[in-house]
> 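Before anything else, here's the structure in question.
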Amino acid sequence: MVAQKPAIDGWFTTDAGDGEPHLLGSRCTTCGTYFFPRADFFCRNPACDGTAFDEVPLSNRGRVWSWTVNRYQPPAPYVSPAGAGGEFEPFGIAAVELAEEKMVVLGQVVPGADVAVGDE
C-alpha cells in the first residue's frame with residue numbers, strides 16, 4: 001500500500017471518523033455556505049455578511065462535472081508531475097461536484113484513469 005501524503009498541509013484530514021481522506025473546508029455559521037479552500041475572514045456568498053466559520057471535512061465522493069488534460073505547467077502551490085528526465089508532463093484534471101455540499105472542486109486525475117463526465 002502506498003502511503004498517502006497531503007499535497008498541501010492543512011487542506012486534508014483523515015480524522016473524519018471513517019479513516020478516509022477528506023478535503024478540509026469551512027461552512028459559514030450565518031448562511032451555511034461551504035467553501036474550499038477554507039474561508040477565514042468573510043463569507044464569499046454575496047448575499048451574506050457572515051464572518052464566523054466552522055472547519056468541516058468535505059464529502060470524499062462526488063460526480064465528475066468536467067475534465068481536461070492540462071498541457072501547461074501551473075505555478076506553485078500546485079504540484080505538477082514530471083517525466084523521467086524531470087521535464088513537465090501533461091496531466092488530467094477533473095472538476096468534481098461533491099455529493100453533500102453540491103460544490104465543485106478541482107483535482108488531479110490519477111495517471112491512466114478512464115474519466116468521463118457523470119462518473120462517480
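Basis for what follows: all heavy atoms, side chains included, without hydrogens, waters or symmetry-related copies. FYI, the numbering just counts along the sequence from 1.
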> Could you grab the distance from atom CZ of Phe91 to atom OG1 of Thr68, nearest 0.5 Å is fine?
10.5 Å
> To the closest 0.5 Å, what do you measure between SG (Cys48) and CZ (Phe42)?
11.5 Å
> Hydrophobic clusters here meaning ILVMFWY residues chained together by side-chain heavy-atom distances under 4.5 Å, can you tell me if Val115 and Val110 are in one?
no
> Taking all atoms of both residues into account, what is the closest heavy-atom pair of Met103 and Tyr34, and its distance?
SD-CB, 3.8 Å
> What is the minimum heavy-atom distance between His22 and Pro57, and which atoms define it?
CB-CB, 3.9 Å
> Would you say the side-chain atoms of Ser59 pair up with the backbone N or O of Glu100, donor to acceptor, closer than 3.5 Å?
yes
> The criterion is ring pair (Phe, Tyr, Trp, His ring centres under 6.0 Å); which residues satisfy it with Phe36, sequence neighbours excluded?
Trp11
> Give the intermediate values and the outcome of side chain to side chain contact (heavy atoms under 4.5 Å, CB included) for residues Val96 and Val104.
CA-CA 5 Å; Val96 176; Val104 176; over 6 Å; no
> Would you call Glu97 and Lys102 a salt bridge, using N to O less than 4.0 angstrom?
no
> Linking I/L/V/M/F/W/Y whenever their side-chain heavy atoms sit closer than 4.5 Å, directly or via other members, would Ile93 and Val64 fall into one cluster?
no
> So, for Cys28 and Gly50, which heavy atoms are closest and what is the spacing to 0.1 Å?
SG-CA, 4.2 Å
> Using side chain to side chain contact (heavy atoms under 4.5 Å, CB included), reason through Asp54 and Thr29 one step at a time and then give a plain yes or no.
CA-CA 7 Å; Asp54 291 328; Thr29 59; 3.6 Å; yes
> Determine, stepwise, if the pair Val117 / Trp67 fulfils side chain to side chain contact (heavy atoms under 4.5 Å, CB included).
CA-CA 7 Å; Val117 171; Trp67 70 274; 4.2 Å; yes
> Might you point out which heavy atoms bring Cys31 and Asn45 nearest each other, and give the distance in Å?
SG-ND2, 3.6 Å
> What pair of heavy atoms forms the shortest contact from Phe53 to Ser26, and how long is it?
CB-CB, 4.0 Å
> Please report the C-alpha distance between Leu24 and Arg38 in whole Å, then the side-chain angles of each, then the deciding distance to 0.1 Å, and finally whether the side chain to side chain contact (heavy atoms under 4.5 Å, CB included) criterion is met.
CA-CA 7 Å; Leu24 279 174; Arg38 293 187 301 255; 3.6 Å; yes
> Between atom CD of Glu87 and atom CD of Gln73, what is the distance when rounded to the nearest 0.5 Å?
10.5 Å
> Looking at every heavy atom in both Ala39 and Arg44, which two are closest together, and how far apart are they?
CA-NH1, 4.0 Å
> Verify the cluster assignment for Val56 and Leu98: are they in a single hydrophobic cluster under the rule of side-chain heavy atoms below 4.5 Å apart?
yes
> Give, for atom CD of Glu89 and atom CG of Asn70, the distance between the pair rounded to the nearest 0.5 Å.
13.0 Å
